[in-house]
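It should be emphasised that the depicted structure is a prediction, and the values quoted were computed from it without experimental measurement. Order of the sequence lines sets the chain letters (A, B, ...), proteins ahead of strands, with each chain counted from 1.
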Number of protein chains: 2
Amino acid sequence: MVLKAQELFWEKGYNATSLSDLSTATGAGAGSLYNTFKGGKKELFKKSLQQRKEDLEDFKIKLENSDTPIELIKAFFISVATASKKSHLKGCIVANTIVEMTFIDEELENEAIEILKETEKLYTTAILAEQKKGNIKSKIPAHTLGKHLITLWCGINTLRRIYPDKEILKQQIELQLQILK
Amino acid sequence: MVLKAQELFWEKGYNATSLSDLSTATGAGAGSLYNTFKGGKKELFKKSLQQRKEDLEDFKIKLENSDTPIELIKAFFISVATASKKSHLKGCIVANTIVEMTFIDEELENEAIEILKETEKLYTTAILAEQKKGNIKSKIPAHTLGKHLITLWCGINTLRRIYPDKEILKQQIELQLQILK
DNA sequence: TTATTTTTGTAATGTTTGATACAAAAATAG
DNA sequence: CTATTTTTGTATCAAACATTACAAAAATAA
């Protein structure tokens, strides 16, 4: 149920997704939706965001068990480029939420910001470790490089909609990943 | 009137800005708003976007009359970092619109995309000229560097909300502008 | 089985939405 | 100054909105 809702929220954002949209998409009536998610629409959206948090946890474990975490991160970014056109247009639900919810709903905005900050921490930790091992020669502080990846992520999130094109996106991503060496 | 409306749209986006919000902000009653802007709320939003187009035209002229256009572009990006906190949270109305309007209103989305593509063209033209003059040594194609600046712009647009902090933003922007040399 | 609780779908809640109708007022024209 | 047009604000519209009330149905417990 959350999954179907997430898909809709992801596409259309919070405000433009109506409860009847959600009802149609999930197949559940309004009554069920409100019985299952006590907080209504907002709670359902939170759950949709939360799920991204779980994906992040998975990625964290993969990173920690990898001998080449930087390659993992790079591969992840490049995999974005080769996604479907619809994926490009949907972008990242977390980044989208930050843009939509500023001045609208502080709680949802902060929820989304927190997820990207956790992602940044993941990147920074991995980069710092690889710098110490000498696998990354760059003297740029790990926290700056971590933020750079977040900036790239957010930038690509919008660029994907302007140019939902594998080649263009791949080119831009690779250009910006060169700094990680 | 458009200016006050633009300010609201810029902050809250299209969907979250109601007509009564606009009426209050502009001081004009609903009747006046609909008499002045035949297309209603959507037309008013278009006018708000259009104004960014005019700013772009101004910047184009400045670029064409400058001996150091690249410095102008760099200064523009860095000036973003030192803006007010509210400016950071508002971000760029054009980039915001692209994120909000995908799957919602194709016309408004395309209007916004077109503006960023024109901006890109401006950058690319300036970069190409400076490459020919030898002022930029990089062999990376001008159109790739132009898109890189758009990616940076969109990335910073979201990063500003996560970190509305001059130092952090300046650091990120300068890091990414290094490629223009 | 029967009794009790939980879940479901429908209908209705009151509110807010974008948009209009229209008369008063202001501006313009003659 | 009068006649005509344009602009304004108010009151109102139907539609859409998020939410809830509630009875039927399903699931669970005894």
Side-chain angles (χ1 to χ4, degrees), chain A residues 1-51 90 93 96-112, chain B residues 1-51 90 93 96-112:
Chain A
M1 196 141 113
V2 178
L3 243 109
K4 280 281 175 192
Q6 188 195 43
E7 203 178 310
L8 254 187
F9 278 135
W10 199 334
E11 274 183 32
K12 317 214 307 171
Y14 181 78
N15 276 314
T17 303
S18 73
L19 222 89
S20 77
D21 285 341
L22 290 167
S23 188
T24 305
T26 60
S32 305
L33 281 174
Y34 275 87
N35 191 59
T36 313
F37 304 97
K38 293 278 162 60
K41 186 184 171 184
K42 188 171 167 181
E43 189 61 29
L44 190 46
F45 189 85
K46 268 200 212 170
K47 287 275 192 302
S48 299
L49 271 185
Q50 223 76 19
Q51 206 166 301
K90 284 169 72 181
I93 192 176
N96 295 349
T97 301
I98 293 177
V99 173
E100 186 185 0
M101 286 305 160
T102 315
F103 296 111
I104 306 297
D105 188 302
E106 209 183 344
E107 191 188 356
L108 291 180
E109 190 205 354
N110 287 336
E111 200 95 33
Chain B
M1 196 143 116
V2 177
L3 243 108
K4 278 282 175 191
Q6 188 195 43
E7 203 178 309
L8 253 188
F9 278 135
W10 199 333
E11 274 184 31
K12 315 214 307 171
Y14 182 78
N15 276 316
T17 304
S18 73
L19 223 88
S20 77
D21 286 341
L22 290 166
S23 189
T24 306
T26 60
S32 307
L33 282 174
Y34 275 87
N35 191 59
T36 313
F37 305 95
K38 292 279 163 57
K41 185 185 171 184
K42 189 172 166 180
E43 188 61 28
L44 191 46
F45 189 85
K46 268 200 213 170
K47 287 275 192 304
S48 300
L49 270 185
Q50 223 76 18
Q51 207 166 301
K90 284 169 71 180
I93 192 175
N96 294 350
T97 302
I98 294 176
V99 173
E100 185 185 1
M101 284 306 158
T102 316
F103 297 111
I104 306 297
D105 187 301
E106 209 183 346
E107 191 187 354
L108 292 180
E109 190 205 354
N110 287 335
E111 200 94 33

Just how far, in rounded Å, is [atom2] of [N] from [atom1] of [X]?
{"X": "Leu19(A)", "N": "dA16(D)", "atom1": "CG", "atom2": "P", "answer": "15 Å"}
{"X": "Leu22(B)", "N": "dA19(C)", "atom1": "CG", "atom2": "P", "answer": "11 Å"}
{"X": "Asn15(B)", "N": "dC17(D)", "atom1": "CG", "atom2": "P", "answer": "11 Å"}
{"X": "Phe9(B)", "N": "dG18(C)", "atom1": "CZ", "atom2": "C1'", "answer": "11 Å"}
{"X": "Tyr14(A)", "N": "dC17(D)", "atom1": "OH", "atom2": "P", "answer": "13 Å"}
{"X": "Asn35(A)", "N": "dT10(C)", "atom1": "CG", "atom2": "C1'", "answer": "15 Å"}
{"X": "Tyr34(A)", "N": "dC22(D)", "atom1": "OH", "atom2": "P", "answer": "18 Å"}
{"X": "Leu33(A)", "N": "dT10(C)", "atom1": "CG", "atom2": "P", "answer": "13 Å"}

* Asked: With side chains defined as the heavy atoms from C-beta onward, is the minimum distance between Ile104(B) and Met101(B) less than 4.5 Å?
  ->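 Ile104(B) vs Met101(B): side chains touch.
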message = Do Glu109(B) and Phe103(B) have side chains that approach each other closer than 4.5 Å (heavy atoms only, starting at C-beta)?
response =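 Of all side-chain heavy-atom pairs linking Phe103(B) with Glu109(B), none is under 4.5 Å.
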query = Quick one: is dT7(D) close enough that its OP1 or OP2 comes under 4.0 Å of any side-chain N or O from Ser32(B)?
reply =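 Checking dT7(D) against Ser32(B), no side-chain N or O comes under 4.0 Å of OP1 or OP2.
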* Give a yes/no answer on whether the side chain of Ser18(B) brings an N or O atom under 4.0 Å of OP1 or OP2 in dT16(C). =>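 So the side chain of Ser18(B) is outside the cut-off, no N or O lying under 4.0 Å from OP1 or OP2 of dT16(C).
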Item to complete: Compute whether any side-chain donor of one residue and acceptor of the other, for Ser18(B) and Asp21(B), lie under 3.5 angstrom apart.
Response: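 There is such a pair (donor and acceptor under 3.5 Å, judged by atom type) between the side chains of Ser18(B) and Asp21(B).
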Practice problem: Could you go through the side-chain hydrogen bond (donor to acceptor under 3.5 Å, both in side chains) check for Ser32(A) and Asn35(A) one step at a time? | Solution: CA-CA 5 Å; Ser32(A) 305; Asn35(A) 191 59; over 6 Å; no
Give Ala30(B) one of three labels, base, sugar-phosphate or nothing, depending on what nucleic acid heavy atoms sit under 4.0 Å from its own.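 The answer is base, as Ala30(B) lies within the cut-off (heavy atoms under 4.0 Å) of a base atom.
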ask   = With a non-hydrogen cut-off below 4.0 angstrom, is Thr17(B) in contact with a base, only sugar-phosphate, or nothing?
value =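 Answer is sugar-phosphate: Thr17(B) comes under 4.0 Å of backbone atoms only.
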